[in-house]
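We use all heavy atoms of the structure for the numbers below, so side chains are in, but hydrogens, waters and symmetry mates are not. For clarity, every value in this text was computed on a predicted model and none was experimentally measured. Just so we're on the same page: letters track the sequence lines, and every chain starts at 1.
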Amino acid sequence: MTAPNEKPDRPKDVTNNSDGSANNERESLDFIREIVKKDLETGKFDGRVVTRFPPEPNGYLHIGHAKAICLDFGIAAENDGVTHLRFDDTNPAKEETRFAEAIMEDVRWLGFDWGDRLHHASDYFDKLYDYAVQLVKDGKAYVCDLSPEEVREYRGTLTEPGKDSPWRDRTVEENLDLFTRMRNGEFDDGARTLRAKIDMASGNLNMRDPAIYRIKRMSHHRTGDTWCIYPMYDFTHCLSDSIEGITHSLCDLDFEDHRPLYDWFLNELKTYHPQQIEFARLNVSYTITSKRKLRQLVENNIVTGWDDPRMPTLSGLRRRGYTPESIRIFCDKIGVAKRESLVDFALLEHCLREDLNVRAQRVMAVIDPVRVIIDNYPEGQVEEFEAVNNPENEADGVRMVPFSREVFIERADFMEDPPKKFFRLAPGSEVRLKHAYYITCDSVVKDEATGEIKELHCTYDPESRGGGTPDGRRVKGTLHWVSATHASDAEVHLYDKLFTRENPVEDDDFINHINPESLVCVTGCKVEPSLAKATPGMFFQFLRHGYFCVDSVEAVSGKLVFNRTVGLRDSWAKMQKQQK
RNA sequence: UGGGGCGUCGUCAAGUGGUAAGACACCAGCCUUUGGAGCUGGCAUUCCCAGGUUCGAAUCCUGGCGCCCCAGCCA
């Protein structure tokens with residue numbers, strides 16, 4: 001420990017190898033990057049940025065964490081610094097190894113690498129204990145015998161000062177003895193705490209002699225039963241940052257009130273002093289990011305689990321088909337500020353589509369099929385048409401798609417009595433089957449009982465092979481299709497927003513705003529044969545529908561299950577909606 | 001007269017005394033073998049309000065108003 005009046009040294013063992021990321025050229029810096037830049041210029045932190053992402057392993061990471069992760073890792077990388085992954089595991093009542101593992105998987109999936117800089121607050125339990133002893137010796141901490149209820153009474157209220165604990169003036173010797181015996185397990189859980197001696201009249205409640213150690217007989221997922229006392233967050237966090245040589249400790253606005261305490265501990269202990277900087281957490285419209293509320297969705301079986309494709313968890317987004325790139329781009333676009341905000345969900349979808357548009361190969365899938373019989377096409381004949389895999393990326397090449405006398409088209413692509421501006425198939429109208437031929441609808445066969453359309457009879461123009469005609473005549477509509485004899489059967493899960501409200505937590509009954517159509521399962525879908533061998537992890541654009549991925553859980557033993565990641569923008573649907 | 005923050009387009013967000021970037025959304029048009037993508041244009045005479053300082057204010061000053069966070073032996 002540094003002697004008084006000496007400039008505290010920053011730990012030397014923290015400058016590991018660089019992540020080597022290039023500096024992003026930003027036309028304007030957010031307030032945090034501005035601070036970092038200035039600190040670098042003034043040499044405040046010896047020219048090396050060290051940040052940390054410090055989750056408590058008590059649940060799953062969600063889109064809100066993604067912002068923090070991108071910031072913590074991003075800012076360090078931009079400045080040739082490093083980022084630590086540190087589990088803030090000081091409360092064994094809530095923490096589990098499986099959560100820590102899931103968190104690591106999610107951070108890695110997002111595209112970040114902490115290298116060998118994996119840390120745990122629990123790694124520092126010994127050091128932390130020594131720091132606490134130091135505080136006791138310095139007369140800055142005392143053992144308090146007040147019960148939790150009494151502590152609350154003594155704390156005062158938001159507008160009234162608290163009053164000193166009757167145990168506040170114990171001698172150093174007595175405090176040392178009692179604290180040692182706390183550690184040795186001589187007292188019951190909750191019987192005593194170690195408290196910082198600060199100011200019971202402070203306007204900031206965090207400074208009214210906060211607890212720094214509590215007695216809790218509970219097995220810790222890493223330290224087992226070694227300890228029966230555990231340090232509190234405020235005491236642990238600043239010191240963990242200090243021990244690791246963190247330069248900039250970024251956190252939620254909620255911790256602004258805690259900064260004076262963060263600074264107090266480091267000042268009193270005269271140790272290396274990182275800077276805590278707070279920023280506004282991310283809120284996204286039509287979704288929730290409260291761990292407690294997400295847990296409710298899982299426990300009430302409103303969703304199938306933490307990785308349900310409708311969940312805003314990273315595991316849910318992953319299963320839904322979001323790419324890590326799209327989430328990183330999103331986090332970059334939303335910016336960083338101290339203003340409470342509700343970012344439009346449409347921006348997330350925009351980032352997703354932008355990424356998928358250039359990467360997803362196009363395929364044809366008919367979700368709600370209706371049979372089309374091309375009467376003048378030779379029975380038994382099969383042709384193969386060349387189809388471009390991705391017009392946005394020539395390198396993706398082409399594939400062959402079989403065509404025959406009977407094909408399926410989308411039920412919604414035919415109307416017997418179409419409104420104006422309906423460019424699709426209707427009696428007497430001509431459309432193009434993508435990559436194949438022009439067809440004209442001649443007649444409709446319906447189920448006599450239900451009136452449901454059973455099949456459409458059409459004729460094709462052999463001259464239009466490949467989708468164009470020598471006479472250059474144009475058709476307004478181009479439909480996707482799939483050959484009836486060659487199609488594979490598939491199940492499609494149409495996911496939509498989980499909530500119907502922009503801000504589901506505005507009142508406390510967010511469960512009432514669940515979108516009843518957040519999941520529509522469709523069976524009997526017909527997909528082109530190239531999809532027969534699709535496996536989890538693969539994603540596509542279903543032409544004219546949207547982006548879909550193979551579900552990682554339900555697509556087992558040859559069964560094809562696709563999740564709709566996000567639909568294509570649909571100006572026809574928008575037009576229809578406006579007319580209503 | 002508790003403390004701490006925040007108020008710039010529908011939503012994010014630049015702007016740091018020199019005359020309101022950008023993105024999403026939205027609207028209009030072009031183009032198109034995806035009603036996708038792409039392209040073009042439109043979209044804050046005004047920055048929570050009111051005074052003041054200044055040649056000049058979103059930026060400085062004064063006074064209001066509004067919103068968020070804090071009373072765990074949680075993080």
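When the salt bridge (Lys or Arg N to Asp or Glu O under 4.0 Å) test is applied to A/E186, the partners found at least two apart in sequence or on another chain are A/R181. Checked against ring pair (Phe, Tyr, Trp, His ring centres under 6.0 Å), A/F539 has no partners two or more places apart in sequence or in another chain. For A/F330, there are no ring pair (Phe, Tyr, Trp, His ring centres under 6.0 Å) partners at least two apart in sequence or on another chain. Residues satisfying the salt bridge (Lys or Arg N to Asp or Glu O under 4.0 Å) test with A/E354, not counting sequence neighbours, are A/K333. Judged as a ring pair (Phe, Tyr, Trp, His ring centres under 6.0 Å), and not counting sequence neighbours, the contacts of A/F403 are A/Y377, A/F385, A/Y437, A/W481. Under the rule for a salt bridge (Lys or Arg N to Asp or Glu O under 4.0 Å), A/K94 has no partner lying at least two apart in sequence or in another chain. With sequence neighbours left out, the side-chain contact (heavy atoms from CB on, under 4.5 Å) criterion links A/T469 to A/Y438, A/D461, A/S464, A/D471, A/R473. Here A/F99 pairs with A/P57, A/Y60, A/E96 under the side-chain contact (heavy atoms from CB on, under 4.5 Å) rule; sequence neighbours left out.
In the set B/U11, B/A71, B/C12, B/C12 carries the atom at the smallest distance from any side-chain atom of A/S341. Checking B/A71, B/G5, B/C24 against every side-chain atom of A/L347, the shortest atom distance belongs to B/C24.
Pair assignment for B/U11 gives B/A23, based on Watson-Crick or G-U wobble hydrogen-bonding distances that are each under 3.5 Å.
A/D72 and A/T51 share no side-chain donor-acceptor pair at under 3.5 Å.
As rounded to whole Å, 13 Å separates atom C1' of B/G5 from atom CG of A/D252.
Residue pairs that meet the side chain to side chain donor-acceptor pair (under 3.5 Å) test with at least one member in residues 282-291 of chain A, sequence neighbours left out, are A/N58-A/K291.
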Look for any protein N or O under 3.5 Å of an N or O in nucleotides 66-68 of chain B and output each such pair with its distance, or none.
unit_1	atom_1	unit_2	atom_2	d
B/C68	O2'	A/E340	OE2	2.9

Between protein and nucleotides 35-41 of chain B, what N or O pairs are separated by less than 3.5 Å?
unit_1	atom_1	unit_2	atom_2	d
B/G35	OP1	A/R544	NH1	2.9
B/G35	O3'	A/S571	OG	3.0
B/G35	O2'	A/S571	N	3.4
B/G35	O2'	A/S571	OG	3.0
B/G35	O2'	A/W572	N	3.4
B/G35	N7	A/R424	NH1	2.6
B/G35	O6	A/F423	N	2.9
B/G35	N1	A/K421	O	2.7
B/G35	N2	A/K421	O	3.3
B/G36	OP1	A/S571	OG	3.3
B/G36	N2	A/R362	NH2	3.2
B/G36	N2	A/E392	OE2	3.1
B/A37	O2'	A/N357	ND2	3.1
B/A37	O2'	A/E392	OE1	3.4
B/A37	O2'	A/E392	OE2	2.9

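At a non-hydrogen distance threshold of 4.0 Å, nothing from residues 393-403 of chain A comes into contact with RNA chain B.
Within 4.0 Å (heavy atoms only), A/T236 reaches no atom of the nucleic acid at all.
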